[in-house]
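Below: one structure, written as structure tokens.
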Amino acid sequence: MDPIPFNRPYLVGTEAGYIEQAVDAGWLAAGGSFTRRCEGWLREATGSPQVLLTHSCTAALEASALVLGLGPGDEVIMPSFAFVTTGSAFALRGATPVFVDIEPITLNVDPERVRAAVGPATKAIVPVHYAGVGCDMDALLELASERRLKVVEDAAQGLLASRGGRPLGGMGQLGAISFHETKNVTAGEGGALLVNDPALRERAEVVWEKGTDRRRFHRGEVDRYTWTELGSSFGPSEVGAAFLWGQLEAADRITTRRLEIWRRYHEAFADLERDGRVRRPVVPPECVHNAHMYYLLLPDHDARTRFIRELAARDILAVFHYVPLHSSPAGRRLGRPHGELTHTDELSARLVRIPLWTGMDDPTVERVIANVREVIDSYVAPPA
Ligand SMILES: *Cc1c(COP(=O)(O)O)cnc(C)c1O
């Protein structure tokens with residue numbers, strides 16, 4: 001039997017045709033008709049009034065730091081349990097990431113820990129919607145407005161997910177989405193910056209347009225365009241946008257299939273959780289998630305290491321993440337922890353992600369389930 005990869009990018013089938021259209025149209029740089037179509041789709045899906053397509057979510061996060069004008073002496077509070085570029089995007093501007101703990105139910109940032117970390121240098125909060133399950137945005141937005149902080153949602157994993165009926169990425173002043181190969185909807189590399197605060201609109205356009213007022217020029221508001229702010233080249237090529245358009249058109253179908261797989265896993269591992277041998281993901285009732293990933297929490301780090309090894313021996317690739325940012329070499333040098341990071345340390349050592357990709361057929365899903373169950377049965381005893 002073929003090995004089961006951890007991820008396999010899913011092809012809708014329309015991507016190549018759209019790329020051909022982009023080529024025929026003779027516009028390959030950012031800002032062509034596919035870029036505009038994708039942006040329109042994303043405005044509709046997220047409720048964000050302004051969407052700027054980018055070549056990655058990392059780029060969108062870096063653009064956020066520029067839009068907010070962050071720099072040395074400024075602090076940005078974020079979970080330590082996050083992807084590398086959640087932190088590096090802000091450190092790149094010279095700002096200091098301040099790493100706080102997660103709460104153990106959803107593995108999302110704990111608003112109380114964020115509150116405790118706010119100080120005179122704090123400028124922004126960057127919640128990460130882990131696994132497409134929304135953070136407690138009510139608490140975070142309230143804190144932000146109390147303390148006059150900006151909120152940049154790292155909604156890399158959050159497309160088509162919501163909390164309290166509000167789409168992820170559409171709630172903070174800014175939001176960032178990813179279309180990396182490992183995400184639900186992909187362009188290989190791709191992303192989007194959601195500008196939810198109209199006051200940031202013009203500045204965001206300038207940052208996206210390489211620091212120029214080119215959009216004002218196109219609107220006829222100035223008679224030539226020039227360098228006005230610090231910006232960069234954040235747009236994707238039309239080739240990537242054309243590919244993404246094919247994916248976005250199928251986004252609902254992609255999410256539906258992923259949810260089917262997620263629910264099958266969830267049901268299949270219910271008894272293991274009942275016996276106290278694993279813990280399954282928790283989706284709070286106010287959240288609609290998008291089945292971005294399925295993870296299990298094993299009893300400890302050794303059990304996790306063994307789980308990955310034994311599944312690999314059965315040709316099934318499971319992976320772990322994240323190395324907490326507060327314990328990474330660059331995170332230690334460029335950022336600082338605030339408070340205890342007990343849940344981050346403990347849970348990141350126990351977490352394992354199992355294969356979940358859109359093109360998985362039912363027999364493949366069942367093969368993963370059977371092997372996971374056998375591996376757990378072989379060495380994870382129920383607690384005494
Ligand atoms: C994937 C991911 C990113 C980075 O996205 P890219 O599009 O690869 O730059 C950032 N943050 C989180 C939480 C992610 O999962």
Side-chain angles (χ1 to χ4, degrees), residues 6-7 9 30 38 42 51-66 76-92 97 99-100 102 106-109 124-135 137 140 151-161 163 168-169 171-172 174-194 208 232-237 240-241 243-244 247-248 251 258 281 289-295 319-326 328 330-331 335 344 347-348 351 353 356-357:
F6 169 65
N7 179 59
C38 292
L42 287 162
V51 174
L52 297 168
L53 213 60
T54 59
H55 51 76
S56 67
C57 178
T58 298
L61 291 166
E62 290 175 7
S64 305
L66 282 165
V76 181
I77 303 173
M78 62 186 65
S80 173
F81 188 66
F83 185 63
V84 168
T85 59
T86 312
S88 69
F90 298 91
L92 201 58
F99 305 120
V100 300
I102 47 175
T106 59
L107 315 193
N108 279 332
V109 73
I125 305 170
V126 185
V128 177
H129 301 297
Y130 184 67
V133 174
C135 296
M137 291 302 290
L140 293 170
V151 176
V152 180
E153 295 175 72
D154 182 340
Q157 305 173 5
L159 186 70
L160 294 182
R163 178 161 177 136
L168 305 188
M171 291 178 270
L174 296 166
I177 289 181
S178 175
F179 302 113
H180 184 259
E181 168 177 286
T182 52
K183 302 304 199 280
N184 292 16
V185 166
T186 177
E189 300 280 357
L193 175 65
L194 312 185
W208 191 90
S232 192
S233 180
F234 287 116
S237 95
F243 189 104
L244 180 62
Q247 295 259 320
L248 287 175
R258 296 182 75 99
H289 75 111
N290 59 6
H292 174 58
M293 71 170 87
Y294 198 88
Y295 66 83
V319 303
F320 68 85
H321 75 177
Y322 299 107
V323 174
L325 299 183
H326 77 277
S328 68
T344 301
L347 297 168
S348 64
L351 184 140
R353 296 175 63 180
L356 198 177
W357 28 276

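All residue numbers refer to positions in the sequence shown, counting from 1. Order of listing sets the numbers, starting from 1, for every ligand and every atom in it.
- A donor-acceptor distance shorter than 3.5 angstrom exists from the side chain of Ser64 to the backbone of Ala60, with no hydrogens or angles considered.
- In this structure, Asn290 and Ala131 approach most closely via the heavy-atom pair OD1-O, 3.8 Å.
- By the criterion of a heavy-atom distance under 4.0 Å, both the backbone and the side chain of Thr58 are placed next to ligand 1.
- A donor-acceptor pair under 3.5 Å is absent between the side-chain atoms of Ser237 and the main chain of Ala30, judged by distance alone.
- Near Val128, meaning under 4.0 Å from any of its heavy atoms, are these atoms of ligand 1: 13 (C).
- In this structure, the side chains of Val128 and Met78 stay at 4.5 Å or more apart for every pair of heavy atoms.
- Those atoms of ligand 1 that come under 4.0 Å of a heavy atom in Gly190, given as number and element, are 7 (O).
- Contact analysis leaves Ala176 out of contact with ligand 1, as no non-hydrogen atom separation drops below 4.0 angstrom.
- Taking a cut-off of under 4.0 Å to the non-hydrogen atoms of His180, the atoms of ligand 1 that pass are 7 (O), 8 (O).
- Atoms of ligand 1 found under 4.0 Å from any heavy atom of Thr86, numbered from 1 in the order shown, are 11 (N).
- Remark: ligand 1 and Ala59 share no N or O pair separated by less than 3.5 Å (distance only, no angle test).
- Each of the following atoms of ligand 1 lies closer than 4.0 Å to a heavy atom of Ser178: 5 (O), 6 (P), 7 (O).
- In the candidate list Ala155, Gly158, Ala156, Gly188, Ala156 is nearest to atom 12 (C) of ligand 1, counting heavy atoms.
- A heavy-atom distance below 4.5 Å is not found between the side chains of Phe234 and Leu193.
- Tyr130 and His321 have their aromatic ring centers within a separation under 6.0 angstrom.
- Here the side chains of Arg258 and Asn184 are in contact, with some heavy-atom distance below 4.5 Å.
- At under 3.5 Å, a nitrogen or oxygen of Asp154, whether backbone or side chain, sits near a nitrogen or oxygen of ligand 1.
- A donor-acceptor distance shorter than 3.5 angstrom exists from the side chain of Glu153 to the backbone of Met171, with no hydrogens or angles considered.
- Close contacts between ligand 1 and Ser56 involve ligand atoms 7 (O), 9 (O) [criterion: under 4.0 Å to a heavy atom].
- Residue Cys57 touches ligand 1 through backbone and side chain together, judged by heavy-atom distances below 4.0 Å.
- At least one heavy atom of Lys183 sits under 4.0 Å from some atom of ligand 1.
- Protein heavy atom at the shortest distance from atom 3 (C) of ligand 1 is Phe83 CD2, 3.5 Å.
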